[in-house]
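Scroll down for the structure; my scribbles are underneath it.
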Amino acid sequence: MTETFDVKLDEKLYIPDPRIKESAWTPDYTAAYREFLQDPEGFWEKAARELEWFRPWEHVLEWEYPYARWFTGARLNITYNCLDRHVRGERRDKPAIIWRGEAGEERILTYEQLSAGVMRLANGLKSLGIEKGDRVCIYMPLVPEQIIAMLACARIGAVHSVVFGGFGAGALHMRIQDAEARAVITADVGYRRGKTIPLKAIVDEATKDTQSVERIVVLRRADPPAELRPDREVDLAELMANAAPECPPEVMDAEDPLFILYTSGSTGAPKGIVHTCGGYMVGTYYTTRHVFDIKDEDIFWCTADTGWITGHSYIVYGPLATGATVVIREGTPDYPDPGAFWKIVQDLGVTIFYTAPTAIRMFMKYGEEWPDRYDLSSLRILGSVGEPLNPETFEWYYRVIGKERCPIVDTWWQTETGMHMITTMIGEPMRPGFAGKPIPGVVADVVDKDGNPVPPGTGGFLVIKEPWPAMLRTVYKNDERYCRYWNTIPGCYTAGDLAVKSEDGYIMVLGRADDLIVVAGHNIGTAEVESALVSHDAVAEAAVIGKPDPLKGNIIKAFVILRVGENPNDGLTAELARHVRKNLGPIAVPAEIAYVDRLPKTRSGKIMRRVLKAQELGMDPGDISTLEE
Ligand code: PRX
């Protein structure tokens, strides 16, 4: 998109019960935002002071466009704030993590137990030679050990790179290679829909020819447990059992990297988004506390996998920094039946529930009778993330799950932003379809391609105008790509999303401006799927587009040119799907594959996906002056 466009806006407003504001951490959004604008650095400094630092900062922010450094000179360890701070005080025996398996199994780890596990694994990693700054890849199911592994890395200053357990060997391989991970922490199996996912076998394939990987640490859960190769593979439980129990936190500089998380790019390989220790801690802590309004008695459930940024920020670092009780669950939301989630809400008394629109739409499909069977009265706040929460879904969520009592925080943010950026703070009037306004601490706007704000009702680019503490610092080994976020539109961070504002400043996010497809809340780069398809012997060329889907938001449709001598047939279609699944994982598999003779391309040879998309959806393809034929 190069120009702005008009959008028709719905004026519907939901006014929440005024009592919600009375006890909120942010009782008055407008006042809090004003306070932030008056003294932005003072605002973030105040949040930072609620946490513990080994040495204070010299400056809150040093901003040399496009590079920001936050809390410069300060020393800290994020795990000290997520663990020690609580273990030393009243939260020692408070449940930190409540894990549920698909079959209803339960494990509870108190803050003390979590801390003990983290310290043992941290020492275990040290005994394998892992040091500060080394990259460690974590490829695990959603079990407490996944969180322990992340925190153990952070404890010793190793940089974790968590890869979602649903990715295939190709995607895992690429991420291990790019990060040059010295160790991989995995499990022999994961469980999903009653089936076993052979994670260790995928790691074996992904690490066949990786130079950097010296050790593979395996959580063994299968019966009988997986065989290990003694020269390079280590049993996680044994490693922890043999390690010393105390592990003092590594003293980290605020700007030292905390983790790398790969996110799909519109062109080429996925980008390793780099987050640092200090600013990320402050940003996730502040937003967990203020957006979710988390209190000590809350039972907080974010249904994401820890392998995504949502899990990093709002299962692990933000909630644990606030001392919350966090629920995690392995498996799919509709297994063993579509009431599985609501049973957990009832059993555990979940008070804050954070999920994705695609999951809500799936529940809508199954019908109200499933949630209606359970007592959901413990719920107090509902959240949404990952894609636009369309008005129909908002209303169902509000009425059927929240019983018209619970505010919904539709949080807009990204892997790159690290923390919530735009939402409707609890107690404020809610506009279905609109995420809301920039949170206190964030300056966001909708602008044209030159950076000029567009009037209400006109669509444009969503941008962030000032640095924020949890922002990405660079793209791993690709700083040029980092700079592009800041120089696409002069003076702004460009999110890559299209948006529109209402008269009263609410922002509606319309979707991606570039070639990313959001399938069931997961970001998938067209380029990644195309390159997986093309890696099959039968395929000469491929182009993929996102096609709107009522359930998943989008599905992937692939247009494939076969090599000469190959003939399209159902067998080949199934085979290509298998091939993509193996390479990238099930979420990236095209739901539709069409065989074509030609693809629309620019003269420079770039595939014009928007032309394909327009054709597919029967729309006007827009400017096709650069089209080759
Ligand atoms: O397009 C926006 C969409 O998800 C993108 C970021 O994806 P990712 O880095 O994977 O992080 C997802 C979890 C934070 C955004 O550029 N997105 C995320 N949240 C929303 C959203 N779109 C609309 N409304 C949201 N609340």
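Just follow the structure's listing: the first ligand is 1, and inside any ligand the first atom is 1. Predicted, not measured: the structure shown is a model, and the values here were computed from it.
For atom 7 (O) of ligand 1, the closest non-hydrogen atom of the protein is Asn523 ND2, 2.9 Å. Distance from atom 25 (C) of ligand 1 to its nearest protein heavy atom, with residue and atom name: Glu387 O, 3.5 Å. Among all protein heavy atoms, the one lying closest to atom 3 (C) of ligand 1 is Gly386 O, 3.3 Å. Residue, atom and distance of the protein heavy atom nearest to atom 9 (O) of ligand 1 are Thr415 OG1, 2.6 Å. Ranking protein heavy atoms by distance to atom 5 (C) of ligand 1, first place goes to Arg512 NH1, 3.8 Å.
One finds no salt bridge joining Asp28 and Lys21 here, because no Lys/Arg side-chain nitrogen approaches an Asp/Glu carboxylate oxygen to under 4.0 Å. The pair Glu392-Arg361 does not count as a salt bridge, with every side-chain nitrogen at least 4.0 angstrom from each carboxylate oxygen.
Taking 4.0 Å as the cut-off, Asp497 counts as a neighbour of ligand 1 on heavy-atom distance. Contact analysis leaves Gly496 out of contact with ligand 1, as no non-hydrogen atom separation drops below 4.0 angstrom. Under a 4.0 angstrom heavy-atom cut-off, Pro388 registers as being in contact with ligand 1.
With a 4.0 Å heavy-atom cut-off, ligand 1 is reached by the backbone of Thr411 but not by any atom from C-beta on. Both the backbone and the side chain of Gln414 come within contact range of ligand 1, each with a heavy atom under 4.0 Å.
Set against the non-hydrogen atoms of Thr310, the atoms of ligand 1 under 4.0 Å away are 13 (C), 14 (C). For ligand 1 and Val509, the ligand atoms under 4.0 Å from any heavy atom of the residue are 22 (N), 23 (C). Near Trp413, meaning under 4.0 Å from one of its heavy atoms, ligand 1 places the atoms 6 (C), 14 (C), 15 (C), 18 (C), 19 (N). The atoms of ligand 1 that sit less than 4.0 Å from any heavy atom of Val385 are 13 (C), 14 (C).
An N or O contact shorter than 3.5 Å is missing between Ser384 and ligand 1 by distance.
Remark: Arg175 qualifies as a cation-pi partner of Phe167 under the 6.0 Å distance and 45° angle criteria applied to the six-membered ring. Geometric assessment of Arg481 against the ring of Tyr485 yields a positive cation-pi assignment under the 6.0 Å and 45° thresholds.
Minimum heavy-atom separation, Ile352 to Val350: O-CG1, 3.4 Å. The minimum heavy-atom distance linking Ala543 with Glu530 is given by the pair CA-OE2, 3.3 Å.
Using bins of under 30°, 30° to 60° and over 60° for the plane-to-plane angle, the ring pair Tyr314/Tyr354 lands in the perpendicular bin.
Outside the 6.0 Å centre-distance limit, the rings of His312 and Tyr317 are not counted as a close aromatic pair.
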ring-ring contact (aromatic ring centres under 6.0 Å, His included) for Phe353 and Trp342? Distances and angles first, verdict last.
CA-CA 10 Å; Phe353 179 74; Trp342 315 124; 5.4 Å; yes

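At least one donor-acceptor pair under 3.5 Å links the side chain of Ser531 to the backbone N or O of Glu528.
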